[in-house]
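Read through the structure below, which is laid out as structure tokens, and then see the notes.
Below, read A as the first sequence line, B as the second, and so on, with proteins coming before strands; counting in each chain starts at 1.
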Amino acid sequence: MDNMPASSLLQSLNEAQCKAVTTDNPRLLILAGAGSGKTRALVHRMAWYVQQKGLLPSEILAVTFTNKAAKEMQHRLSQLIQVDPRSLWVGTFHAIAHRLLRYHSQEANLPDNFQIIDSEDQLRLIKQIVKQQGFDEESMPAKKVSYFISRNKEEARRANQCVVTTHESQILQAIYQQYEAMCFRQGLLDFSELLLRAYDLWQQHPDILAHYQQRFKHVLVDEFQDTNTIQYLWLKQLIHTNNAITVVGDDDQSIYGWRGAKIENIHQFTQDYHNVEVVRLEQNYRSTKVILSAANQLISQNEGRLGKELWTESEGKEKIQVYGAFNENDEARFIVTQIQQALRQGHDAQDIAVLYRSNAQSRILEQLLRQYDIPYRVYGGMRFFERSEIKDALAYLRLVRHQADDPAFERVINTPPRGIGERTVEKIREIAQTQQISLWEAAAYYIETTKGSKAVAQLTQFLGMIESVRVAQQSYSLPRLLEFLYQQSGLLDYYQLQASEKSESKAENLQELLIACQQYQEQVEADPSAILTQFLSDCALEAGSEIGDQPSSVVQLMTLHSAKGLEFKTVFIAGLEEGLFPSRHSMQDKKKLEEERRLCYVGITRAMNRLTLSYALRRGYGSYSAPTRLSRFVQEIPSALLNKINVSEPAATQNIRVNTSTPKSNNPFAIGSWVSHAKFGEGMVLNQEGQGESLRIQIQFKQAGCKWLVLSYANLKPLDTLRN
DNA sequence: AAGTTCCGAGTTTTT
DNA sequence: CTCGGAACTT
């Protein structure tokens with residue numbers, strides 16, 4: 001163990017940070033603003049307790065929200081003190097819950113080969129239940145049901161504990177009940193179930209809980225503002241008179257309310273425990289004065305904040321650029337040319353980020369970046385473990401591991417196509433349903449009772465194939481098993497033999513998975529019999545992490561959400577328009593709107609030196625383009641901090657309604673102009689598509705409704721009269 | 001049963 | 001635009 005003098009650990013810390021690191025108070029709340037060094041404080045506090053207070057690293061539990069954050073924390077801690085990574089409990093809530101459940105699967109009433117399912121599997125399962133139980137698929141979309149189930153689990157409510165008021169909630173509850181039973185039968189846990197089970201485990205086994213209460217002398221929680229009810233309940237179980245808890249949070253950076261996070265937990269924490277010490281980290285080491293005051297001004301519009309004003313010593317007078325583009329193309333071009341300039345001035349591409357509200361906005365930016373030959377990288381979107389071919393391969397492994405895994409069975413039964421179609425599967429489902437057995441067993445039964453058809457032969461072969469891989473599992477290493485599986489199932493061949501670009505990349509991904517498998521095998525020292533289960537769990541829990549993501553010098557593109565926790569010298573935020581940012585789904589509700597504002601705050605505070613905000617006066621959604629209004633967030637930033645380029649105030653704040661007077665353009669059928677049709681009467685042009693002969697325009701007629709007409713046939717007459 | 005086409009919907013995201 | 005599902009065709 002290192003024996004650094006105390007001063008060296010505290011050396012580079014400011015007064016508030018020192019306080020946060022060294023206080024003996026066992027109930028500590030660190031309110032840490034953006035860029036104030038919160039991870040630093042947290043990691044140093046851990047090191048401090050090990051070095052000065054004699055804690056063993058194994059007596060510390062540190063919880064984060066993302067795997068990335070967990071890795072970062074582990075990495076930074078290992079730079080301060082020597083730790084055996086295996087003794088350290090640093091991980092996401094889900095990973096730690098998972099670890100507990102593996103250790104205590106028996107007490108948690110779980111089969112030892114229980115499997116974690118992701119949201120996609122969950123949706124499939126729900127869809128099936130809705131169908132099977134004869135509920136209306138229209139009014140009960142799987143998404144809605146999954147939302148209901150997750151929200152209830154997050155509030156620690158089992159199916160029989162949901163609040164049921166309306167007829168609709170009765171149905172939702174019934175589906176939840178079915179879902180619960182189904183997951184239980186098959187040994188499947190969804191993400192919120194991990195948390196709820198871990199909570200139940202401790203609730204029902206005080207002896208186990210007591211063990212962990214004694215073991216973990218210090219519990220630290222990062223991004224506390226993002227905890228949901230069940231996570232906080234779980235933490236509270238663990239906290240005892242003899243152990244310490246440190247939480248770090250920033251109420252202004254709470255951006256996950258829509259998925260159950262409760263900012264109130266920060267406030268609740270000070271109520272639930274006595275003598276909570278609150279340390280505020282308000283000195284920002286990241287951004288210039290201008291950027292910081294813009295952020296402060298913006299966030300001050302929110303109500304009920306815990307109150308905290310960031311300040312900085314750094315100078316930097318460069319104003320925030322605001323660019324009003326004609327349309328999304330112009331916006332992208334502006335951003336990309338600005339980036340090009342910055343690169344020419346010698347800026348490093350990796351110090352530049354473009355942030356946006358929704359993933360869909362990345363496409364046009366990518367297009368232009370490619371055009372300008374600027375290397376870039378898009379974060380988010382489809383991740384490796386979410387790709388269908390990867391999920392197929394993993395589903396095969398799941399089925400090999402646990403044949404009662406119905407979602408896995410469904411997924412691979414006819415992938416690649418092997419002549420077992422919907423009709424056969426439907427029959428198997430029926431058998432499984434009536435006899436309450438797994439699809440695997442039902443398939444075996446079906447083979448026995450149905451003789452002679454082609455599908456039956458295929459089915460027999462399929463079951464035999466899985467079985468043979470299962471047997472091979474005993475003697476094969478993980479990568480070799482996967483290779484054998486590729487070969488037996490024909491999955492890889494299926495993609496390799498097709499000559500499209502898509503299947504080529506799918507085949508590559510499957511190869512990539514093989515490599516990942518090899519690396520996994522080398523890294524993880526696990527019991528050979530357990531390694532498959534472990535690998536599958538880790539794939540499910542770390543689905544988000546990209547494979548082989550080496551940071552290279554490229555421009556970064558990502559949503560505002562995924563930018564949290566990162567910083568860049570130069571930041572562009574695109575699409576600052578009402579309805580896009582803030583999103584139209586959040587504009588009605590004050591709470592949601594405040595969350596959007598926090599999201600904007602997060603975005604602004606990512607920037608160290610230079611920030612550019614942009615918006616488009618018209619934005620196209622597919623073939624449809626509509627005028628926009630400047631986001632209120634830009635207007636909430638004092639003009640003195642802004643350098644407006646090409647911003648024409650009246651145009652930007654123009655009414656959403658299309659100009660109803662005769663358009664200025666010489667095209668009498670431009671969008672917004674009024675026309676007359678012999679049959680349908682008068683109407684307004686809403687949209688147009690195509691060119692020349694096939695140019696079609698969409699018209700909202702006063703009486704006849706909305707129609708698409710081919711201009712060259714419709715014989716439309718322009719109406720010049722002014723209308724209001 | 002499998003391949004093709006068409007239609008429509010489309011925040012944010014981690015685990 | 002682009003993905004996924006349904007509906008349609010072969």
Side-chain angles (χ1 to χ4, degrees), chain A residues 63-70 91-98 116-124 127 137 141-143 150 153-154 189-196 198 223 226-228 230-231 254-261 328 355-364 366-367 379-383 385-388 414-426 453-455 458 494 498 502 537-545 558-565 575 579-587 592 595-596 598-600 602-603 620-625 689:
Chain A
V63 198
T64 62
F65 274 81
T66 63
N67 292 302
K68 197 162 119 200
T92 61
F93 276 100
H94 292 85
I96 287 165
H98 173 238
I116 299 164
I117 55 169
D118 68 8
S119 340
E120 199 193 317
D121 296 327
Q122 188 188 31
L123 284 177
R124 277 170 180 253
K127 222 173 244 176
E137 287 170 73
K143 263 191 168 174
S150 303
K153 286 188 179 183
E154 276 155 16
L189 271 69
D190 62 38
F191 291 127
S192 9
E193 185 69 28
L194 282 170
L195 303 172
L196 186 49
E223 308 276 14
D226 287 336
T227 49
N228 61 31
I230 187 72
Q231 286 163 335
S254 162
I255 54 175
Y256 288 111
W258 52 273
R259 69 178 204 225
E328 69 276 13
L355 311 181
Y356 37 78
R357 179 67 234 273
S358 84
N359 276 316
Q361 287 170 259
S362 77
R363 215 198 66 252
I364 181 120
E366 289 183 63
Q367 206 182 314
Y379 283 81
M382 211 25 137
R383 277 170 289 265
F385 286 102
E386 285 170 4
R387 287 164 207 266
S388 65
N414 203 29
T415 317
R418 53 170 66 85
I420 306 171
E422 196 46 41
R423 283 168 66 209
T424 313
V425 176
E426 191 47 53
S453 95
K454 247 183 207 164
Q458 291 295 320
Y494 176 68
Q498 285 175 39
K502 253 188 192 165
S537 302
D538 284 358
C539 287
L541 284 174
E542 283 183 59
S545 57
M558 67 188 84
T559 63
L560 288 142
H561 281 89
S562 35
K564 187 158 99 158
L580 185 61
F581 192 23
S583 146
R584 92 180 75 79
H585 304 275
S586 305
M587 288 166 57
K592 288 183 181 170
E595 182 156 312
E596 295 278 319
R598 290 194 293 269
L599 188 57
C600 189
V602 166
Y621 299 94
S623 57
Y624 179 72
S625 153
E689 66 176 29

(request) Using atom CD1 of A:Ile255 as one end and atom C1' of B:dT12 as the other, report the distance to the nearest whole Å. (result) 8 Å
(request) Using atom NZ of A:Lys143 as one end and atom P of C:dG5 as the other, report the distance to the nearest whole Å. (result) 11 Å
(message) Considering every strand and a 4.0 Å limit on heavy-atom distances, what is the contact class for A:Asp190: base, sugar-phosphate, or nothing?
(response) nothing
(request) Might you work through the salt bridge (charged side-chain N to carboxylate O under 4.0 Å, His left out) test for A:Glu596 and A:Arg357, ending with a clear yes or no? (result) CA-CA 10 Å; A:Glu596 295 278 319; A:Arg357 179 67 234 273; 2.5 Å; yes
(message) If you only use heavy atoms from C-beta on, which nucleotide in B:dA1, B:dT15, B:dT13 is closest to the side chain of A:Tyr256?
(response) B:dT13
(request) Give none if B:dA1 has no partner; otherwise give the nucleotide forming a Watson-Crick or G-U wobble pair with it, both distances under 3.5 Å. (result) C:dT10
(message) At 4.0 Å (heavy atoms only), tell me whether A:Thr424 reaches a base, stays on the sugar-phosphate, or touches nothing.
(response) sugar-phosphate
(request) Taking all non-hydrogen atoms of both residues into account, name the closest pair between A:Ser362 and A:Tyr356 and its distance. (result) CB-OH, 3.3 Å
(message) Go nucleotide by nucleotide along DNA chain B from the 5' end; which of A:Arg418 and A:His94 gets its closest nucleotide reached first?
(response) A:Arg418
(message) Between the side chains of A:Glu595 and A:Arg598, is the shortest nitrogen-to-carboxylate-oxygen separation below 4.0 Å, so that they form an ion pair?
(response) yes
(request) Determine whether any donor atom in the side chain of A:Arg259 lies under 3.5 Å from an acceptor atom in the base of B:dT13, or the reverse, and answer yes or no. (result) yes
(request) Write down the distance between CD (A:Glu595) and C1' (B:dT13), rounded to a whole number of angstrom. (result) 12 Å
(request) Starting at atom CH2 of A:Trp258, determine the distance to atom P of B:dT15, rounded to an integer number of angstrom. (result) 12 Å
(request) Respond yes when some side-chain nitrogen or oxygen of A:Ser358 is under 4.0 Å from OP1 or OP2 of B:dT13, and no when none is. (result) no
(message) Side chain of A:Glu596 only, heavy atoms from C-beta on: which candidate in B:dT13, B:dT11, B:dT15 is closest?
(response) B:dT11
(message) From C-beta outward on A:Arg363, which listed nucleotide comes closest to its side chain: B:dT11, B:dT15, C:dT2?
(response) C:dT2
(request) Side chain of A:His561 only, please: which of B:dT13, B:dA1, B:dT11 is the nearest? (result) B:dT13
(message) Expressed as a whole number of angstroms, how long is the span from A:Arg387:CZ to C:dC3:P?
(response) 11 Å
(message) Using heavy-atom distances to pick each residue's nearest nucleotide on DNA chain B, tell me which of A:Leu599 and A:Gly419 is more 5'.
(response) A:Gly419
(request) Name the orientation of the base relative to the sugar in B:dT5: syn if the glycosidic angle is within 90° of 0, else anti. (result) anti
(message) Between A:Thr227 and A:Phe93, is there a side-chain heavy-atom distance shorter than 4.5 Å?
(response) yes
(message) Could you tell me how far apart A:Glu386 (CD) and B:dT13 (C1') are, to the nearest whole angstrom?
(response) 9 Å
(request) Round to the nearest Å and state the distance from A:Phe385 atom CZ to B:dT15 atom C1'. (result) 14 Å
(message) Can you tell me which nucleotide in B:dA1, B:dT13, B:dT15 comes closest to the side chain of A:Asn67?
(response) B:dT15
(message) Taking the six-membered ring for Trp, are A:Trp258 and A:His561 closer than 6.0 Å centroid to centroid?
(response) yes
(request) Figure out the CE/P separation between A:Met558 and B:dT11, and round it to whole Å. (result) 21 Å
(request) Give a yes/no on whether any side-chain N or O of A:Asn359 is located under 4.0 angstrom from OP1 or OP2 of B:dT13. (result) yes
(request) Could you give me the CA-CA distance, side-chain angles and deciding distance for A:Ser358 and A:Gln361, then say whether side chain to side chain contact (heavy atoms under 4.5 Å, CB included) is met? (result) CA-CA 6 Å; A:Ser358 84; A:Gln361 287 170 259; 3.7 Å; yes
(message) Tell me whether the side-chain N or O atoms of A:Ser119 pair up with the base of B:dT15 as donor and acceptor below 3.5 Å, since no angle test is needed here.
(response) yes
